[in-house]
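Here is the structure we will look at.
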Amino acid sequence: MKPTLLTIDAVRSAVQEQTTTSAALVESFYARIQKEDGQIGAYLTLCKERALEQAERMDRMATEGKLLPPLGGVPLAIKDVMCTRGVRTTAGSKILGNFIPPYDCTAVARVEAAGAVVLGKLNCDEFAMGSSTENSAFHPVRNPRDTSRVPGGSSGGSAAAVAADMAVVTLGSDTGGSIRQPASFCGVVGLMPTYGRVSRYGLIAFASSLDHIGPLAKNVKDAATVLRTIAGRDPMDSTSAEVPVPDYVAELEKPVRGLKIGVAKEYFGEGLDNEVRKAVEDAIQKLAQLDCEVVPVSLPHTEYAIPTYYIVATAEASANLARFDGVRYGYRAKNARTLSEMYRRSRHEGFGAEVKRRIMLGTYALSTGYYDAYYLKAQKVRTLLTQDFEKAFKKVDAIVTPTCPTAAFKLGEKVNDPLAMYLADIYTVTADLAGIPGISIPCGETRDKLPIGLQILGKHFDEATPLRLAYSYEQAAKN
Ligand code: GLN
């Protein structure tokens, strides 16, 4: 079995029926990574021993005639912001360059319990801050569809690994778009669940009220299968919700006829590339042909989403990143003479420029005298943005938008212009701020053959409807 174009079902049934072994498949994935990843840079760490142990466990189950679990034998990889016991976890930062966690992130533990084989850890922007993966302290990731371009970020490694067939599925994290935007740039499926749907235990925190874990996959069904295994209450995360988890895979088959899909003019304004606009409008047409009803909606506070996001996210980041002080774990500056010099130099030498910029912005927004003007104001606008969605969802079942204003940009194009980079998230940050789920699926390409993403947003705890629409669209687009 070749590693290319494999889906979860294809791998699991081949391992179950013993037409291949999971161990052989894992070896062929490592061979492919060896060959291809020098160009792409998706992986930071491989964990072959752990992978082969799990693969052999799955192969034994198959030879004993036992039914494999839902991800049985499936090669999967993890964004390096999720802790893996005994396997280096860096968050893309030098400050955690030698950090070996003593425990597993719940999402990782759950995919492994469901039979997945973890191949390794994937490159990302430092502490998930960025939209291009150029902020990785180690090396950038290149877009497999055009290596002169970025894969998006911050889960650039997670998207590129799927697009380049260096994993069947991956886990990423989304704080302001970091699953959906790279999925869109690399031409894969990326799903951000509702806030609280998936435990954040063991996810290295960026902005705790915005962080989400979710899958990146080659198709909608694989994304649904992974979400089903990682979703649900976890006693280790008090913000994980006690809401029953539907069978997302079974939900895919339900018809979409009669569903109302909202289209908000605020997502089709200035700055939207013409080719992207055309592809997304065609996709909406296609959904209409599937007998969905297209309904105009308004999300009037959208223009405030980027400033709101960058105040809330940086404020929370400045608090979360205070723990990296050179004392408990991670990088410590050498030869400091005093404690405060040790703190200062460890942080100065350990953090990259973007992370420092955000700590400073966030500390400023939270400081006495400015708290009301910035942080409190941002929280109020966040409520207004959430209410925009709540009002719209009284009229519609889902909202369809472009995932990003443009297709993948060139490496180096925006890296020295943080504001231009921040604008790449204009259509994705709103869902994080409101806590609603969203999926990005491929819906065409530009003249230069760069993938374009369609975003489908849903109501709180209703991932099933966006998944179902995405699945129907994907099936229809095949024909
Ligand atoms: N690009 C956004 C940022 O830089 C989002 C990152 C994310 O979702 N982790 O903050």
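Bear in mind that the values here come from a model prediction, so they are computed numbers and not experimental data. Remember, it's 1-based here, ligands and their atoms both numbered in the order they're listed.
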Can you list the atoms of ligand 1 that are under 4.0 Å from a heavy atom of A128?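 Every atom of ligand 1 under 4.0 Å from some heavy atom of A128: 6 (C), 7 (C), 9 (N).
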
Any atoms of ligand 1 less than 4.0 Å from a non-hydrogen atom of F206? List them with their elements.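 So the atoms of ligand 1 that pass are 9 (N), 10 (O).
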
Under 3.5 Å between any N/O of [X] and any N/O of ligand 1: does that happen in this structure?
X    : result
K79  : no
M129 : no
G176 : yes
G153 : no

Select the closest option to atom 3 (C) of ligand 1 among F127, Y422, Y310, judged by heavy-atom distance.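 Among F127, Y422, Y310, the closest heavy atom to atom 3 (C) of ligand 1 belongs to Y310.
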
Identify which of S178, C124, S132, G172 has a heavy atom lying nearest to atom 9 (N) of ligand 1.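 Closest candidate by heavy-atom distance is S178.
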
Donor-acceptor pair between K79 and S155 side chains, under 3.5 angstrom: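 A pair is found: one side chain offers a donor N or O, the other an acceptor, under 3.5 Å apart.
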
Do Q181 and T403 have side-chain atoms, one donor and one acceptor, less than 3.5 Å apart?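 The criterion, which ignores hydrogens and geometry beyond distance, is not satisfied for T403 and Q181.
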
Pairwise side-chain contact, N98 with R88, heavy-atom cut-off 4.5 Å (strictly under):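 Side chain of N98 against side chain of R88, heavy atoms only: no contact under 4.5 Å found.
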
Does R110 reach the side chain of D234, with side-chain heavy atoms less than 4.5 Å apart?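 Heavy-atom side-chain distance check passes, below 4.5 Å.
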
Taking atom OH of Y375 as the centre, does the number of heavy atoms from other residues, nucleotides or ligands within less than 6.0 Å exceed 12?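 Counting neighbours around OH of Y375, more than 12 heavy atoms of other residues, nucleotides or ligands fall under 6.0 Å, so yes.
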
Heavy atom of Q181 under 4.0 Å from ligand 1?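 False for this residue.
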
For A313, is the nearest heavy atom under 4.0 Å from an atom of ligand 1?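 False for this residue.
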
Tell me, which pairs form a ring-ring contact (aromatic ring centres under 6.0 Å, His included) where one or both residues lie in residues 206-246, sequence neighbours left out?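 Residue pairs passing ring-ring contact (aromatic ring centres under 6.0 Å, His included), neighbours aside: Y195-H212.
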
Centre-to-centre under 6.0 Å for Y422 and Y309, is that the case here?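 Between Y309 and Y422, which both carry aromatic rings, the centre distance is not below 6.0 Å.
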
